[in-house]
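Proteins get letters first, then strands, A, B, ... in listed order; numbering begins at 1 in each.
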Protein chains: 2
Amino acid sequence: MVRQGGRGGRSVTRRDVAERAGVSAAVVSYTLNGGAPVAPETAQRVLKAVAELGYRPNQAARALRSGSTRTLAFLTVDADDAIFTNPIFAEYVHAVQRAAASRGYALYTASTPGGGRARTMQELREFASRQVDGVVLLASSEQQLDPAELDAVGVPWVLVNTEEAPGGGNSIGADLFGGATVAMGHLVEHGYSSIGFVGDAPRSEPRRRAWREVCAEHGVEASPLFDVDFTREGGRQAALELADLSSPPRAVFVVSDRTALGVLRGLHECGVRVPEDVAVISFDGSWESAYAWPGLTSVRQPIEEMAAAAVDRLISPPEEASHQVFPVELIVRESCGAHA
Amino acid sequence: MVRQGGRGGRSVTRRDVAERAGVSAAVVSYTLNGGAPVAPETAQRVLKAVAELGYRPNQAARALRSGSTRTLAFLTVDADDAIFTNPIFAEYVHAVQRAAASRGYALYTASTPGGGRARTMQELREFASRQVDGVVLLASSEQQLDPAELDAVGVPWVLVNTEEAPGGGNSIGADLFGGATVAMGHLVEHGYSSIGFVGDAPRSEPRRRAWREVCAEHGVEASPLFDVDFTREGGRQAALELADLSSPPRAVFVVSDRTALGVLRGLHECGVRVPEDVAVISFDGSWESAYAWPGLTSVRQPIEEMAAAAVDRLISPPEEASHQVFPVELIVRESCGAHA
DNA sequence: TTGAAAGCGCTACCAC
DNA sequence: GTGGTAGCGCTTTCAA
């Protein structure tokens with residue numbers, strides 16, 4: 001029986017392959033990695049021995065020697081919640097994992113809810129000592145990381161889900177202002193005379209600005225503003241407050257799908273109809289939004305593309321660090337009352 | 001400036017620490033790993049040098065030498081969808097990651113939707129060559145893995161989210177039959193005279209059996225059976241069919257939250273009221289189920305506990321491989337019509 | 001209590 | 001084209 005990498009039996013090494021193929025250990029490497037030309041029939045023999053023995057190069061040794069583990073890490077910066085509770089974050093991890101895999105990299109994932117910034121730095125150092133080739137940092141709170149401090153760890157990093165970072169560095173984010181402007185334009189176009197906003201203050205800045213500006217431009221009342229947690233429960237609380245108002249807004253712009261799902265839930269609880277009584281429009285365009293009731297109109301972030309770009313930045317770092325903005329797309333469903 | 005593990009500057013090694021502390025390299029190891037007693041003031045000096053230099057042991061070297069990477073991997077077996085589209089799977093990954101982290105292990109995650117069983121084996125071997133200490137396999141389809149084939153790879157493994165595996169091996173799963181029996185009992189108790197079933201045939205066996213048996217026992221009509229995809233859309237399709245029936249069932253048991261979310265959506269689309277017209281009860285007790293509308297009554301799987309058990313099995317393998325069953329718990333919300 | 005040194009499995013350099 | 005070998009950074013044995 002073939003043994004390999006197990007705890008029990010000694011695993012098969014390059015030496016065993018060399019012996020069986022009747023060549024030196026070096027030739028095994030050459031055959032497998034193309035480090036030097038190998039005679040066809042020699043290669044043949046080596047490959048045969050590899051197959052027969054079930055040989056797989058020990059990646060720890062390779063990493064030690066070559067300095068690269070062909071591994072990336074995904075870290076959530078100071079998550080306040082388990083990552084999967086935000087559907088768009090879950091999508092992000094998955095997209096990064098796929099992008100890494102398609103380029104031959106494995107992916108570590110880590111996320112310690114409520115860890116704070118110090119914890120993030122500690123995890124980053126932990127992965128540095130594991131010799132990862134790069135780290136994708138998912139910004140998830142207002143917590144600011146210090147690019148200089150990150151650089152000092154010595155591992156390439158890229159920050160995703162963020163606005164342009166103040167201190168420089170590689171970062172990637174969707175066009176929040178542009179997307180919010182389009183969403184608000186959509187609402188205004190359909191004649192809603194008052195539009196509220198649900199979001200958490202520090203985190204929702206460019207979107208909130210778009211809300212105000214579009215309203216001002218079209219003489220629409222920008223109110224009320226619900227400053228609530230970036231969670232389902234936060235959204236639900238906003239909805240309960242809204243339902244209690246003597247003159248509720250005709251529509252609300254919600255800062256994320258996760259929060260919007262809570263808004264929908266709260267509105268249903270109170271018997272407020274969507275979109276007949278209050279129209280809802282949201283941000284992220286996550287999978288969940290499609291199967292909400294009613295289907296959530298939402299601004300879709302191009303997660304796949306952003307994840308791929310993040311991975312590429314780590315694997316082939318650009319000359320100059322920069323912030324990259326990705327365009328978003330409005331997906332119209334039923335919740336905004338403008339569906340065909 | 002401190003450099004460490006980076007691409008550019010040479011990283012600081014144990015040698016540097018030894019020199020600075022005026023000791024041999026061995027003593028640095030002793031101090032850090034407790035391999036031998038070290039004089040207090042020597043240790044003091046070493047620790048100081050470590051801090052000043054920002055030294056972190058190279059894990060690739062440690063792995064090569066010691067044979068353990070302190071790393072686990074999480075693999076989805078032949079996933080048909082991106083893992084995050086099933087809330088309970090997303091919760092699983094997260095729980096395993098947390099359990100691993102709390103024991104000092106990092107976690108690789110990988111999932112190739114639609115890869116099939118051959119792909120799973122390939123990924124397993126890939127992780128074996130990365131010298132992981134164990135692999136958590138999440139069963140997600142009827143695909144059967146061959147325990148002997150798994151063992152041949154030489155890496156400790158444990159299969160989660162499964163029934164007792166036919167060929168032996170370590171596996172972990174919730175008490176599906178027991179949970180379904182309790183859920184059905186709850187429905188029956190509240191007087192529903194006909195109860196339908198939504199699930200996909202091969203995957204939902206013990207739950208379906210519970211449905212039939214409880215109905216038979218109490219003279220309740222067990223029909224119709226909707227054999228649909230294990231997805232939101234599958235659930236939605238079942239709901240559309242149901243709404244079209246001349247005499248729809250008074251309640252349905254749905255095999256998972258993900259599917260149930262689709263059922264809810266489809267029922268809403270057709271104007272069928274839940275629970276007034278049709279009561280819905282589901283399985284998994286995922287986070288999402290709490291914020292559905294109406295809140296989903298669901299059988300909660302103890303994900304945290306199962307994930308922790310899986311990790312423990314890998315880190316300290318039991319003498320004898322076995323299947324471990326975990327108890328479940330009914331969480332009553334609004335969708336079953338029995339909420340207070 | 002400390003130090004010297006072997007060697008984990010691999011890549012890549014240099015000699016043939 | 002092929003083989004010998006140094007050495008990546010670490011743990012651990014053995015001797016001092």
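Comparing B/A26 and B/R65 along DNA chain C, the residue whose closest nucleotide (by nearest heavy atom) sits nearer the 5' end is B/A26. Nearest-nucleotide assignment on DNA chain C puts the 5′-proximal partner with B/V27, out of B/V27 and B/A61.
A heavy-atom distance below 4.5 Å is not found between the side chains of B/N58 and B/T13. Side chains of B/L150 and B/M121 form a contact here, defined as non-hydrogen atoms less than 4.5 Å apart. Taking 4.5 Å as the limit, every side-chain heavy atom of A/N86 sits out of range of all side-chain heavy atoms of A/Y92. Using a 4.5 Å cut-off on side-chain heavy atoms (C-beta onward), A/T76 and A/T112 make no contact.
At a threshold of 4.0 angstrom between heavy atoms, the contacts of B/S29 include nucleobase atoms, whether or not backbone atoms are also involved.
Atom CD in A/Q59 sits about 15 Å away from atom C1' in C/dC8, given to the nearest Å. A/D16 places its CG atom 14 Å from the C1' atom of C/dC8, with the value rounded to the nearest Å. Here D/dT5 presents its P atom at 13 Å from CZ of A/R15, a figure rounded to the nearest Å. Atom P of nucleotide D/dT12 and atom CG of B/L64 are separated by 13 Å, given to the nearest angstrom. As a whole-Å value, the separation of B/Q131 CD from C/dC8 C1' is 10 Å.
Contacts with DNA chain D (heavy atom under 4.0 Å) in residues 30-49 of chain B: B/Y30, B/N33, listed by number.
Checking C/dG3, D/dG4, C/dG9 against the side-chain heavy atoms of B/S24 singles out C/dG3 as nearest.
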With salt bridge (charged side-chain N to carboxylate O under 4.0 Å, His left out) as the test, would you mind laying out the steps for B/E41 and B/R45 before giving the verdict?
-> CA-CA 6 Å; B/E41 65 241 43; B/R45 281 210 315 284; over 6 Å; no

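Of all heavy-atom pairs between A/A128 and A/V153, the closest is CB-CG1, 3.7 Å.
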